[in-house]
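To keep things clear, I will list the structure first and then write my remarks on it.
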Number of protein chains: 2
Amino acid sequence: MNIGEIARRAGVSRSTVSYALSGKRPVAAATRKRIQDVIDELGYRPNATARALKEGRTRMIGLVIPPAGNRLTHMQLDFVGSVVDAAARADLDVLLSPSGGDHDRSFERLISESRVDGVILMEIRLQDARVGRLLQARLPFVGIGHTTDDRAMCWIDVDYAGLVRHTVRHLADLGHRKVALISRSPELVAAGYGPAIRAREGFTEAVRERGVEGVEVACGDDARSGQESIEGLLRAHPDLTAVTTVNEAALPGIQRALADAGLSVPYDFSVTGVAGRLWAEDFRPPLTAADVPAHDMGVQAVSLLIERIAAPHTPPRHILLAPPVSLRSSTGAAPARPAAGPAPHPGGAGAPRA
Amino acid sequence: MNIGEIARRAGVSRSTVSYALSGKRPVAAATRKRIQDVIDELGYRPNATARALKEGRTRMIGLVIPPAGNRLTHMQLDFVGSVVDAAARADLDVLLSPSGGDHDRSFERLISESRVDGVILMEIRLQDARVGRLLQARLPFVGIGHTTDDRAMCWIDVDYAGLVRHTVRHLADLGHRKVALISRSPELVAAGYGPAIRAREGFTEAVRERGVEGVEVACGDDARSGQESIEGLLRAHPDLTAVTTVNEAALPGIQRALADAGLSVPYDFSVTGVAGRLWAEDFRPPLTAADVPAHDMGVQAVSLLIERIAAPHTPPRHILLAPPVSLRSSTGAAPARPAAGPAPHPGGAGAPRA
DNA sequence: TTGTATGCGTTATCAT
DNA sequence: ATGATAACGCATACAA
C-alpha cells in the first residue's frame with residue numbers, strides 16, 4: 001500500500017494525497033474527504049523509510065547503552081525508560097546500540113550509515129574514543145557524563161564530586177573521624193569512568209578539608225560485592241564508623257553485611273551516598289542520600305538532543321545536576337566508641353525489629 | 001558522502017562501486033582497489049535509509065516493551081539486553097517501543113509505517129489487542145508469552161503453570177500443609193497477564209492434587225510490596241509455613257518481612273518460586289527456584305523472529321521453556337509446630353548470622 | 001485548487 | 001568487466 005495506490009483509488013494525483021496528509025497546501029474539502037475515506041478504508045500510513053530518504057532525516061535517535069555483559073543498574077534502567085518515553089512523546093523512535101569497547105560494529109553502523117538524527121551516549125569515560133567519532137561524523141549528540149576535554153560536546157551529568165563532598169562533610173559534622181568511599185567496580189575505576197573518578201575527587205577533597213581519615217574501595221555493581229566490601233573494610237579498619245557510596249547496587253549487600261556484623265544503622269554505623277530514590281528508600285533505615293534524578297536526566301537529555309539536532313552549530317550546552325541530599329535516617333552521630341564492639345543502644349543489633 | 005561521489009572520485013560508475021561493495025558481480029582487482037582506496041580515505045558507508053527503501057527491508061526489528069511507568073524487572077531487563085545483543089550479532093538494530101495500552105502512537109508507528117522487519121512483543125496478556133494488529137498488518141512477530149488463542153502466532157514462554165505446580169509439590173512433599181502463592185501486581189492480575197494467571201492455574205491444581213491448603217495474594221513488583229504481602233499473610237494465616245512466588249522483585253521484601261517476624265528460612269519457613277538466577281542466588285539463604293532463562297529467551301526470540309521474517313508463511317512455532325527447579329537452601333521440612341511461635345533450632349532467628 | 005516532474009541514495013536490470 | 005538507467009515511496013518546486 002503506497003501513496004500512488006491511494007491517489008489512484010481516490011481519483012487524484014499523488015501530490016494531492018501528500019498535501020492532504022501534510023496540510024502544507026489547501027485541498028478542497030470534498031477532495032480531502034474522498035482521500036481520507038480511502039485512507040481509512042485501507043489503513044494507509046506513509047512509508048517511514050521513503051519519507052526519511054526524501055527529508056534527509058530519520059526521526060530516530062540512537063541510544064548507546066553499555067553492553068549486556070555488564071548488567072545495567074536500576075538508575076541506568078530508569079534513564080533508558082525515561083529517554084524512550086520522552087522520545088516517544090516527541091514522535092521520535094529510539095534505536096538501541098550496545099557499545100562499550102571502541103571497535104564496535106553496532107556503534108559504527110549507527111553513526112556512519114545515517115540511521116539516526118542524533119545520539120545519546122551513556123557511560124562516558126574521561127577519555128572516550130566514541131566522542132571523537134561522533135564529532136568527526138558531525139552527528140548531533142548528547143553525552144551522559146562528560147570527558148575531561150568537554151568543550152566541544154553537549155552533556156548532562158550528575159555532580160558526583162560535589163555530592164560526595166557534601167556527604168562526607170555531613171559525616172564529619174556528625175563526628176565521624178574515619179569514613180570510607182565505596183566506589184564502582186575495579187574495571188570501571190580502571191577505565192577512567194567519570195562518576196567513579198569524580199566521586200574520588202570529591203571524597204579526597206572533603207576528607208582533607210575536614211581532616212578526617214578516608215579510605216576508598218572499588219566494588220562491583222551487585223549486592224554480593226557490597227557485602228564483601230563492608231566485610232573487608234570492617235576487618236581492615238575496626239575503627240571505621242561510616243561509609244558513603246556511589247554504588248547503589250551494592251546497597252543491599254552493605255545493609256546485609258552491617259546486620260551480620262551486628263552493627264545497627266545509624267547507632268553504630270552511618271551510611272550515606274548517591275543513589276536512585278527507590279534504592280535509598282528501600283534501604284533499612286531509609287538512606288540519607290543524594291537522589292540521582294535519572295528520570296529528569298532522560299527527559300533533559302532528549303530535549304537537549306532535539307535542540308541540538310535543530311541547531312547543530314550553536315555552542316554546546318552543559319548541564320551539571322546537583323540534587324539535594326535528602327536527610328533520611330541512615331546517618332547519625334558517631335558512636336562514642338568506634339564500631340569494633342557495638343555499644344548498647346535502643347533497638348540495637350540482634351533483636352528482631354518487629 | 002554518497003555512492004555517486006565515490007564513483008566520481010574513483011572514475012567508475014555508481015553500479016561498479018555498488019558491486020565492488022556487495023561482491024554480487026565480479027570487479028577487476030585493480031578497479032576494486034581504486035574504489036576501496038577512495039572509500040577508505042573518505043570513510044564512506046552506504047546510506048541505510050536508501051538501501052532500506054530499495055531493498056524493501058530495514059534490517060531493524062522492533063522490541064515492544066512495557067512503558068516506563070511500570071519499571072522493568074531485572075528479568076525483563078536481562079531479556080532486553082540479550083535481545084539487543086543477539087540482534088547486533090545478526091547485524092540487526094533494535095527499535096524500542098514503549099507500549100502497554102492498546103491505543104498507542106509509538107506502537108502504531110512501529111507496525112504501520114514499515115519501520116521494522118519484525119517485532120518482538122513483550123508482556124503479552126491473555127487477550128491482547130496488539131496481537132491482532134500485528135496479524136492484520138502481516139508483520140512477522142514473536143510474542144514473549146502467549147494469548148489464549150495462540151495458534152496463529154509464534155511465541156516463546158516460560159511454563160509458569162508447570163513450574164509453580166512443581167514448587168508446590170516440592171513443598172507438599174516436605175510436609176507443608178498450608179502454602180501461599182505470591183503473585184504479580186493486582187493490576188497485572190486484573191489485566192489477565194499470562195504469567196500471573198498461569199501461575200494461579202498451576203498453584204490451584206497442585207494444591208488440590210496434594211490436598212494442601214492454598215492462599216493466593218497479588219503483590220506489586222517491588223520490595224516494599226513483598227514485605228507487606230508477607231506481613232499480611234502471617235497475620236491472616238498464622239499456620240502458614242511456606243510460600244512460592246513468581247514475583248522476583250518482591251523477594252528482598254519477603255526476606256526482610258520473614259526476618260522481622262523472627263522466622264528463619266528454611267527452619268521456620270520455606271520460600272521457593274520462579275525467579276531470575278541472580279535474584280535466587282541473592283536471597284538469604286539461596287532460593288530453591290526455577291531459574292527464568294531470560295538470556296536464552298532473548299536469544300531464541302531473535303532467532304525465531306529472523307526465521308519468521310525469512311519464511312513468514314510457515315506454521316508458527318511455539319517454545320515453552322520449563323527450566324529445572326534448582327535445589328538451593330530456602331526450602332526445608334515443615335516445622336513440627338506451625339510458624340506462629342518459632343521453634344528453637346540451630347542458628348535460629350535473632351542471633352547474628354556472622 | 002490540482003497535476004506533473006524531479007530527486008533523495010541505493011540496488012539491480014539491461015545493455016555494451 | 002563495466003556503464004547507463006529504472007525503480008523503491010515519498011515530498012515538493014514548478015506549472016496550469
Side-chain angles (χ1 to χ4, degrees), chain A residues 1-36 38-39 42-60 91 109 111-117 137-139, chain B residues 1-39 42-60 91 93 109 111-117 137-139:
Chain A
M1 191 49 45
N2 60 36
I3 201 173
E5 180 67 14
I6 303 295
R8 201 182 58 70
R9 301 211 189 195
V12 296
S13 75
R14 292 184 327 213
S15 59
T16 302
V17 176
S18 178
Y19 284 119
L21 244 25
S22 70
K24 291 189 179 173
R25 154 172 128 171
V27 172
T31 318
R32 191 167 45 232
K33 169 152 184 20
R34 203 145 31 91
I35 292 172
Q36 193 57 52
V38 177
I39 285 178
L42 301 185
Y44 165 77
R45 298 278 301 264
N47 180 297
T49 307
R51 169 180 285 177
L53 180 59
K54 176 63 184 168
E55 295 191 334
R57 61 172 181 158
T58 61
R59 295 170 192 273
M60 299 192 212
D91 283 331
R109 265 213 312 276
I111 68 170
S112 57
E113 295 180 1
S114 306
R115 289 179 119 80
V116 294
D117 299 334
R138 295 179 191 290
L139 195 57
Chain B
M1 190 49 44
N2 60 36
I3 202 174
E5 180 67 16
I6 303 296
R8 202 181 58 68
R9 300 212 192 194
V12 296
S13 74
R14 291 187 324 225
S15 52
T16 302
V17 176
S18 179
Y19 284 118
L21 243 25
S22 71
K24 291 187 181 174
R25 147 173 133 173
V27 171
T31 319
R32 190 168 45 234
K33 170 154 182 16
R34 204 145 31 91
I35 292 172
Q36 193 58 52
D37 287 348
V38 177
I39 286 178
L42 301 186
Y44 164 77
R45 299 277 302 262
N47 179 296
T49 305
R51 170 179 286 177
L53 180 59
K54 179 61 185 165
E55 294 190 336
R57 60 169 183 164
T58 60
R59 293 171 193 272
M60 298 192 212
D91 283 331
D93 283 322
R109 267 213 311 275
I111 68 169
S112 57
E113 296 181 1
S114 306
R115 290 179 119 82
V116 295
D117 299 333
R138 297 181 189 288
L139 195 57

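Here is how names work: the chains are called A, B, and so on, in the same order as the sequence lines, proteins then strands, and each is numbered from 1.
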* Asn47(A) side chain near dG9(D) phosphate (N/O to OP1/OP2, under 4.0 Å) -> no
* Asked: Starting at CD of Glu55(A) and ending at C1' of dA13(D), how long is that distance when rounded to a whole Å?
  -> 15 Å
* **Lys24(B) (side chain) and dA12(C) (base): donor-acceptor pair under 3.5 Å** => no
* **Value in whole Å for how far the P atom of dT12(D) lies from CG of Leu21(A)** => 12 Å
* Asked: Ala50(A) side chain: which of dG3(D), dT10(C), dC10(D) is closest?
  -> dC10(D)
* May I have the distance from Arg45(A) (atom CZ) to dG9(D) (atom P), rounded to whole angstrom? => 17 Å
* Asked: Counting only N and O atoms by type, is there a donor-acceptor contact under 3.5 Å from the side chain of Arg34(B) to the main-chain atoms of Ala10(B)?
  -> yes
* Which of the following nucleotides, dT4(C), dA12(C), dA4(D), is nearest to the side chain of Ser13(B)? -> dA4(D)
* Asked: With distance as the sole criterion, do the side chain of Ser15(B) and the base of dT5(D) form a donor-acceptor contact below 3.5 Å?
  -> no
* Side chain of Arg14(B) only, please: which of dT10(C), dG9(C), dG3(D) is the nearest? => dT10(C)
* **Spacing between Lys54(A) atom NZ and dC8(C) atom P, to the nearest angstrom** => 8 Å
* Asked: With side chains defined as the heavy atoms from C-beta onward, is the minimum distance between Leu21(A) and Ile35(A) less than 4.5 Å?
  -> no
* **Distance in angstrom units between Arg32(A) CZ and dT1(C) P, rounded** => 9 Å
* May I ask you to verify whether the side chain of Arg25(A) and the base of dT2(C) hold a donor-acceptor pair under 3.5 Å? => yes
* Asked: With sugar-phosphate meaning primed atoms plus P, OP1 and OP2, does Ser22(A) contact a base, only sugar-phosphate, or nothing at under 4.0 Å between heavy atoms?
  -> nothing
* Residue Pro46(B), side-chain heavy atoms: nucleotide from dT2(C), dG9(D), dT10(C) that is nearest -> dT10(C)
* **Rounded distance [0.5 Å steps], CG in Asn47(B) versus CG in Asn2(B)** => 9.0 Å
* Asked: When you measure from the side chain of Leu53(B), which nucleotide among dT2(C), dT12(D), dC8(D) comes out closest?
  -> dC8(D)
* Asked: Roughly how many Å is it from CG in Leu42(B) to P in dG9(C), rounded to a whole number?
  -> 15 Å
* Asked: More 5' along DNA chain C: Tyr44(B) or Pro26(A), using each one's nearest nucleotide?
  -> Pro26(A)
* Asked: Within a strict 4.5 Å, meaning less than it, do heavy atoms of the Met1(B) and Ile6(B) side chains meet?
  -> yes
* Asked: When the distance from CD of Glu113(A) to C1' of dT10(C) is rounded to whole Å, what number comes out?
  -> 12 Å
* Tell me, do Arg115(A) and Arg109(A) make a side-chain contact under 4.5 Å, heavy atoms counted? -> yes
* To do: Find the distance Ile3(B):CD1 to dA12(C):P and express it as a whole number of Å.
  => 11 Å
* Asked: Reckon Thr49(B) touches a base, only the sugar-phosphate, or nothing at all at heavy-atom distances under 4.0 Å?
  -> nothing
